[in-house]
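Worksheet for the structure shown next.
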Amino acid sequence: MSADRLNADRFLAACRREPVDRTPVWFMRQSGRYLPEYKKLREGRTLLEVCRTPELAVEATLLPLRRMDVDAAILFSDIMVPVAAIGVDLRIEEGVGPVVASPIRSTNDVRSLRPLHPDEDVPFVLDAIKLLRKELTVPLIGFAGAPFTLASYLIEGGPSRYHQRTKAFMHAEPTAWENLMGKLGDGVLAYLQAQIDAGAQAVQVFDSWVGALDPDDYLRFVLPTMREIFDGLGGRSAPRIHFGVGTGELLPLMRDAGSDVVGVDWRVPLHEAWERIGFDVAIQGNLDPAVCLAPWEAVEAKALSVLRRAAGRPGHVFNLGHGVLPDTPVETLQRLVELVHERTARPLDEAEARA
Ligand code: CP3
C-alpha cells in the first residue's frame with residue numbers, strides 16, 4: 001500500500017474510528033487571511049464573490065494544500081452563502097462578520113423565509129465541489145452553519161456577544177422559534193445532502209455560537225433540529241462532524257444529536273471532553289488557535305499535550321479548537337502538521353488497513 005493511499009484515507013478512517021497510520025490533521029479556516037496568497041486572491045473582490053465563482057472557490061480551497069500536508073480540504077465558502085441565496089439581504093464585513101439588513105424579529109419575518117433549493121439557489125457551490133473532486137488527493141469536507149448559529153445572525157442582525165435578542169425570541173415566541181429552526185434545519189439538511197451528492201466526502205456542521213446556551217435551553221430549543229439533520233444524513237456514507245465553541249456543558253447533548261465526530265474547542269482538556277462525549281464517538285480538536293501566535297516551543301508543548309490526552313485511541317482528528325487566526329505564521333501550521341504526523345506514526349497492520 002503506497003503512502004499516498006494511506007494519506008488519502010486517514011481522515012475518513014479516523015472519523016469512523018478505524019485504525020490509521022498517523023493521526024489526521026486539518027485546520028478550520030485553513031484558507032484565510034494568514035496566507036499571503038489568499039489576501040492576493042481576495043484583492044478587489046468581496047468574500048461572497050469568491051464563494052459564488054467556482055474557479056475562485058476552488059483556488060481558495062487548494063491554497064493551504066500547496067503549503068502543507070493536511071489530510072483534508074474544506075470547501076471555501078461561508079455559512080451565510082445559502083442564507084443569502086434564499087434572498088436574505090446581507091453582507092460580510094471584513095473584521096466584523098455577517099451583517100443582515102433586515103433582522104428577523106417577528107413571526108411574520110419567520111414566515112417570509114423561503115426554502116432552499118440547492119440546485120437552483122447554490123449551483124456554484126455544487127460546481128466548486130465537482131471541480132475540486134477532480135483535483136484533490138485528500139478528502140473534501142463540505143459544511144453548513146447550524147440553525148442556532150444562523151438564527152443568531154438573522155435575529156441579532158450581526159455578530160453578538162450575548163445573543164440576547166436570540167434568547168429572548170426563543171423564550172418569548174417558542175412557536176415562531178420552532179418554525180424558524182424547522183425551516184433552517186430543512187435548508188441545512190437539503191444543502192448538506194446536495195453537497196454530498198456533488199462529491200463532498202464528509203460534512204461539518206458549525207454551531208459556532210451555541211455554547212451561549214445552557215443545557216436546558218439546548219435540549220428544548222436546539223437538539224431536536226440537530227437530531228433531524230444528523231438522522232437525515234445518516235443513510236449516506238459521508239461522516240458527519242458537529243462542532244461548537246464553548247460547549248463544555250453541552251457535549252453529552254451534542255453526542256445525542258447523532259454525529260460521527262464531535263468537534264471541541266480548547267476550554268475542556270481533550271480526554272475530559274471525550275469522556276463527556278463517549279469514546280464510541282470520534283473527536284476533533286482541540287489546540288487553542290491563539291497559542292499558534294506564540295513561539296514554536298510553546299505551540300509544540302501544547303500540541304503534544306493534546307496528543308497525550310488523545311492517547312492513541314481510535315477516532316482522533318487533530319485540529320484547532322476554532323479557526324486559524326489571521327496573524328498565525330504559516331510556518332507554525334506547517335510544523336504542526338509535521339509534528340502530529342511524526343509523533344503519531346504507528347505501524348498499521350496490513351490486515352487492519354482497508355484495501
Ligand atoms: O478554510 C476555510 O477558510 C473555509 C472557509 C470558511 C469561511 N467561513 C470563509 C471566511 C468557513 C468554514 C467559514 C465558516 C463560518 N463563517 C463560520 C463557522 C466557523 C467559525 O469560525 O465559527 C462562521 C461563524 C462564519 C461567519 C463569519 N464569516 C465570520 C464570523 C467571519 C469573520 C469576520 C472577520 O473578518 O473576522 C466571516 C468572514 C470569513 N469567512 C472570512 C473567511 C476566510 C474572513 C474574512 C474574509 O476573508 O473576508
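Every number for a ligand or one of its atoms is a count from 1 in the order of the listing. Here the structure is a predicted model, which is why all the values come from computation and not from measurement.
The shortest N or O to N or O distance between Tyr153 and ligand 1 is not below 3.5 Å. Ligand 1 has an N or O atom lying under 3.5 Å from an N or O atom of Gly95, backbone or side chain. In terms of polar-atom proximity, Ser31 is counted as a contact of ligand 1, with an N or O under 3.5 Å from an N or O of the ligand. On a distance-only criterion, Arg33 and ligand 1 share at least one N/O pair closer than 3.5 Å.
Near Ser208, meaning under 4.0 Å from one of its heavy atoms, ligand 1 places the atoms 18 (C), 19 (C), 20 (C), 22 (O), 24 (C). Counting the atoms of ligand 1 from 1 in the order shown, those under 4.0 Å from a heavy atom of Phe206 are 12 (C), 18 (C), 19 (C). If you number the atoms of ligand 1 from 1 as listed, the ones under 4.0 Å from a heavy atom of Glu94 come out as 35 (O). Those atoms of ligand 1 that come under 4.0 Å of a heavy atom in Arg42, given as number and element, are 46 (C), 47 (O), 48 (O).
Under the 30°/60° scheme for interplanar angles, the aromatic rings of Phe143 and Phe206 are found to stand perpendicular. In this structure, His171 and Phe221 have perpendicular ring planes: the angle between them is above 60°, well past the 30° mark.
Here Thr61 has no heavy atoms under 4.0 Å from ligand 1, in either its backbone or its side chain. Of the heavy atoms in Pro98, only side-chain atoms (C-beta onward) come closer than 4.0 Å to ligand 1. Residue Met28 does not touch ligand 1, judged by heavy-atom distances below 4.0 Å.
Closest heavy-atom approach to atom 29 (C) of ligand 1 within the set Glu93, Met80, Arg29: this belongs to Arg29. For atom 16 (N) of ligand 1, the candidate residues are Ile141, Val205, Asp78; the nearest heavy-atom contact is made by Asp78.
Between Arg45 and Glu43, no side-chain nitrogen of the basic residue sits less than 4.0 Å from a carboxylate oxygen of the acidic one, so the salt-bridge criterion is not met. A salt bridge links Glu59 with Arg66; the closest basic N to acidic carboxylate O contact falls under 4.0 Å. Looking at Glu94 and Arg33, a side-chain N of the basic residue comes within less than 4.0 Å of a carboxylate O on the acidic one, giving a salt bridge. Ionic pairing of Arg220 and Asp214 is not present here: no N-O contact between side-chain nitrogen and carboxylate oxygen is shorter than 4.0 angstrom. The residues Glu37 and Arg67 are annotated as salt-bridged, a charged nitrogen and a carboxylate oxygen being separated by less than 4.0 angstrom.
Looking at atom 11 (C) of ligand 1, its nearest protein heavy atom turns out to be Phe143 CZ, 3.6 Å. Ranking the protein heavy atoms by distance from atom 14 (C) of ligand 1 puts Ile79 CG2, 3.7 Å first. Scanning the protein heavy atoms around atom 21 (O) of ligand 1, the nearest turns out to be His322 NE2, 3.1 Å. When only non-hydrogen protein atoms are considered, atom 1 (O) of ligand 1 lies nearest to Gln30 N, 2.9 Å. Tyr38 OH, 3.6 Å is the protein heavy atom nearest to atom 43 (C) of ligand 1. Given atom 9 (C) of ligand 1, the protein heavy atom at minimum distance is Ser77 O, 3.0 Å.
At distances below 3.5 Å, not a single donor-acceptor pair connects side-chain atoms of Gln284 with backbone N or O atoms of Val317.
Residues in residues 240-258 take part in these side-chain hydrogen bond (donor to acceptor under 3.5 Å, both in side chains) pairs, two or more places apart or across chains: Arg240-Asp260, Arg255-Asp280.
Annotation: Glu178, atom CD; neighbour count of heavy atoms from other residues, nucleotides and ligands within 6.0 Å does not exceed 12.
Residues satisfying the side-chain hydrogen bond (donor to acceptor under 3.5 Å, both in side chains) criterion with Asp78, sequence neighbours excluded, are absent altogether.
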